[in-house]
Amino acid sequence: MAEVSTHQSAEDARNENILIWVDGELKPRAQAVVSVYDSGFMLGDGVWEGLRLYDGRWAFLDEHLDRLFEAAKAIDLDIGMDRDGVKQALEQTRAANDMTSDAHARLMVTRGVKTRPFQHPSLSRQGPTMVIIMEHSKPSIPRPINLATVPHQRGLPMTQDPKLNSHSKLNCILACIAAQKAGADEALMLDVHGFVNTTNACNFFIVRKGTVWTSTGDYCMNGITRQKVIDVCRADGIPVFERNYSLVDTYGADEAFLTGTFGAQTPVGTIDGRQIGNGDLGPMTLRIRSLYKALVDAA
């Protein structure tokens, strides 16, 4: 079976000619580069946001900016502009690329260029560095995602807080590699207590007997789409629980799906070789998709 990913999109030739925002300048793709001394390249020292453009509007933009500025404050990084400045940079990039919908932006901020190739943050004396990559990007996931449970955990906040959208993603990349070696598409990761938590790239939900379950949120990404799914369930009278649950609960689920800014709600077909429900998009996931789309349209 061909491998797929939660960020698989339709090929779009227009992406060869995109303009990328690099520290206030719009540059062709081939010229959009940063220094090898940049903190992000050298050490993964930075934070990022993924945003989705629907009908000329960035979905839940204020929530994304809240998360960006909170993450920057948490790592003591001065972004170098206020919220309006970030919005203007996004709009400038969007307009330059003539994008109106089905576009995805990755906004990245690092601590900047170092004077010497070492760790100490005081060596980052030029910056910050800010980049916005904006692509024509329509999700094209040909089948439900197959997951494999891996030994890599979403860890404790005193090591690397999983709530941060940090440039340092090695733990998640290793988890994804382990899942691929096991014959799956992506990884299902447990928390430090052995409860089901999240995948390497998205947040994770199951459906059991008409109720929707997700993790407590203590060890998962601070997902905006995750929270919106919880919100629409509560507003529509769907029982939804943030709780601890095990792989036993997961294997016996009627449905499972992933949430993220790119794919919104992506169905899961199998976990550790066990088919979940009928192995396809389930009725509850379909209902939540509709509710989420209505929320995006109304935003």
Side-chain angles (χ1 to χ4, degrees), residues 7-73 75 77-115 124-140 164-169 201 224-225 260-264 296 299:
H7 294 100
Q8 196 161 319
S9 62
E11 293 294 327
D12 195 315
R14 293 174 294 177
N15 288 331
E16 295 302 315
N17 299 309
I18 56 172
L19 294 173
I20 297 173
W21 199 94
V22 182
D23 289 336
E25 295 183 44
L26 286 161
K27 299 185 177 184
R29 182 170 178 160
Q31 298 172 28
V33 296
V34 297
S35 169
V36 294
Y37 277 81
D38 190 84
S39 302
F41 173 78
M42 192 175 289
L43 294 163
D45 183 4
V47 292
W48 62 275
E49 279 295 317
L51 300 104
R52 193 94 191 133
L53 187 69
Y54 295 95
D55 299 321
R57 294 173 298 166
W58 295 105
F60 315 120
L61 177 58
D62 285 335
E63 288 94 331
H64 280 284
L65 292 182
D66 285 345
R67 187 169 66 177
L68 176 68
F69 279 89
E70 286 173 3
K73 184 176 182 180
I75 68 168
L77 169 60
D78 182 0
I79 290 176
M81 61 176 69
D82 60 15
R83 291 170 70 98
D84 286 340
V86 175
K87 287 181 181 180
Q88 289 170 15
L90 282 166
E91 174 56 22
Q92 184 183 1
T93 310
R94 185 206 64 76
N97 288 289
D98 194 26
M99 293 177 175
T100 56
S101 197
D102 289 326
H104 192 81
R106 190 174 183 98
L107 188 159
M108 299 167 281
V109 188
T110 78
R111 205 174 300 275
V113 179
K114 290 185 168 292
T115 58
S124 300
R125 296 176 189 169
Q126 179 184 327
T129 300
M130 182 169 166
V131 174
I132 302 172
I133 300 174
M134 205 171 287
E135 293 185 330
H136 299 279
S137 181
K138 191 171 186 177
S140 180
L164 281 174
N165 265 2
S166 163
H167 276 218
S168 181
K169 303 293 289 184
I224 290 167
T225 309
T261 298
F262 177 81
V296 169

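Only a predicted model underlies this, so the values are computations on that prediction, with no experimental measurement involved.
Residues Lys27 and Val33 are not in side-chain contact: their nearest non-hydrogen atoms beyond the backbone lie 4.5 Å or more apart. Residues Ser137 and Arg106 form no side-chain contact, since every pair of their non-hydrogen atoms from C-beta on lies 4.5 Å or further apart. Two residues are said to be in side-chain contact when any heavy atoms from C-beta on lie closer than 4.5 Å; Phe60 and Val296 meet this criterion. Taking 4.5 Å as the limit, every side-chain heavy atom of Met134 sits out of range of all side-chain heavy atoms of Ile18. Looking at heavy atoms from C-beta onward, Val86 lies in side-chain contact with Met130 at the 4.5 angstrom threshold. Asp45 places a side-chain heavy atom less than 4.5 Å from the side chain of Ile75. No side-chain heavy atom of Gln31 sits less than 4.5 Å from a side-chain heavy atom of Val22. Contact check for Lys138 versus Asp12: no side-chain heavy atoms found under the 4.5 Å cut-off.
With Trp48 contributing its side chain and Ser166 its backbone, the two residues share a donor-acceptor pair below 3.5 Å. Here the side chain of His167 pairs a donor or acceptor atom with the backbone of Val47 at under 3.5 angstrom. Between the side chain of Asn97 and the backbone N or O of Leu19, at least one donor-acceptor pair lies under 3.5 Å. Judged purely by atom type and a 3.5 angstrom limit, Thr261 has no side-chain atom pairing as donor or acceptor with the backbone of Leu51. Here the side chain of Arg94 pairs a donor or acceptor atom with the backbone of Met99 at under 3.5 angstrom. With hydrogens and angles disregarded, a donor-acceptor distance shorter than 3.5 Å links the side chain of Arg29 to the backbone of Asn15.
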Set out, in order, the CA-CA distance, both residues' side-chain angles and the distance that settles side chain to side chain contact (heavy atoms under 4.5 Å, CB included) for Asp62 and Lys87, then state yes or no. CA-CA 10 Å; Asp62 285 335; Lys87 287 181 181 180; 3.5 Å; yes
Fill in: Residue pair Asp102, Arg52: steps toward the side chain to side chain contact (heavy atoms under 4.5 Å, CB included) verdict
CA-CA 7 Å; Asp102 289 326; Arg52 193 94 191 133; 4.2 Å; yes
How far apart are the C-alpha atoms of Gln92 and Trp21, what are their side-chain angles, what is the distance that settles it, and do they pass the side chain to side chain contact (heavy atoms under 4.5 Å, CB included) test?
-> CA-CA 8 Å; Gln92 184 183 1; Trp21 199 94; 3.3 Å; yes
Any chance you could lay out the side chain to side chain contact (heavy atoms under 4.5 Å, CB included) test for Thr110 and Val34, step after step, and finish with the verdict?
CA-CA 11 Å; Thr110 78; Val34 297; over 6 Å; no
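Closest of all the heavy-atom pairs between Val109 and Pro128 is CG1-CB, 4.1 Å. Here the closest heavy-atom approach between residue Ile133 and residue Met108 is recorded as CD1-CE, 3.7 Å. Closest approach of Ile20 to Ile132, counting heavy atoms only: CG2-O, 3.3 Å. Looking at every heavy atom in both residues, Asp78 comes nearest to Gly80 through OD1-N, 3.0 Å. Here the closest heavy-atom approach between residue Arg67 and residue Ile224 is recorded as NH1-N, 3.7 Å. Here the closest heavy-atom approach between residue Thr129 and residue Gly112 is recorded as OG1-CA, 3.6 Å.
For His104, the ring pair (Phe, Tyr, Trp, His ring centres under 6.0 Å) partners two or more places apart in sequence, or in a different chain, are Phe262.
A 6.0 Å sphere centred on OH of Tyr37 holds no more than 12 heavy atoms belonging to other residues, nucleotides or ligands. Around CZ of Phe69, the count of heavy atoms belonging to other residues, nucleotides or ligands within 6.0 Å exceeds 12.
We find the CD-CD distance between Glu91 and Gln88 to be 9.5 Å, quoted to the nearest 0.5 Å. Taken to the nearest 0.5 Å, the CZ atom of Arg111 stands 15.0 Å off from the CD atom of Gln126. Annotation: the span from Glu70 atom CD to Asn165 atom CG amounts to 11.5 Å, rounded to 0.5 Å. The distance from the CZ atom of Arg125 to the OG atom of Ser39 is 11.5 Å, given to the nearest 0.5 Å. Taken to the nearest 0.5 Å, the CZ atom of Arg14 stands 4.0 Å off from the NE2 atom of His136. In this structure, the separation between CG on Leu65 and CG on Leu107 is 8.0 Å, given to the nearest 0.5 Å.
Judged by distance alone, the side chains of Ser124 and Lys114 do bring a donor and an acceptor atom under 3.5 Å apart.
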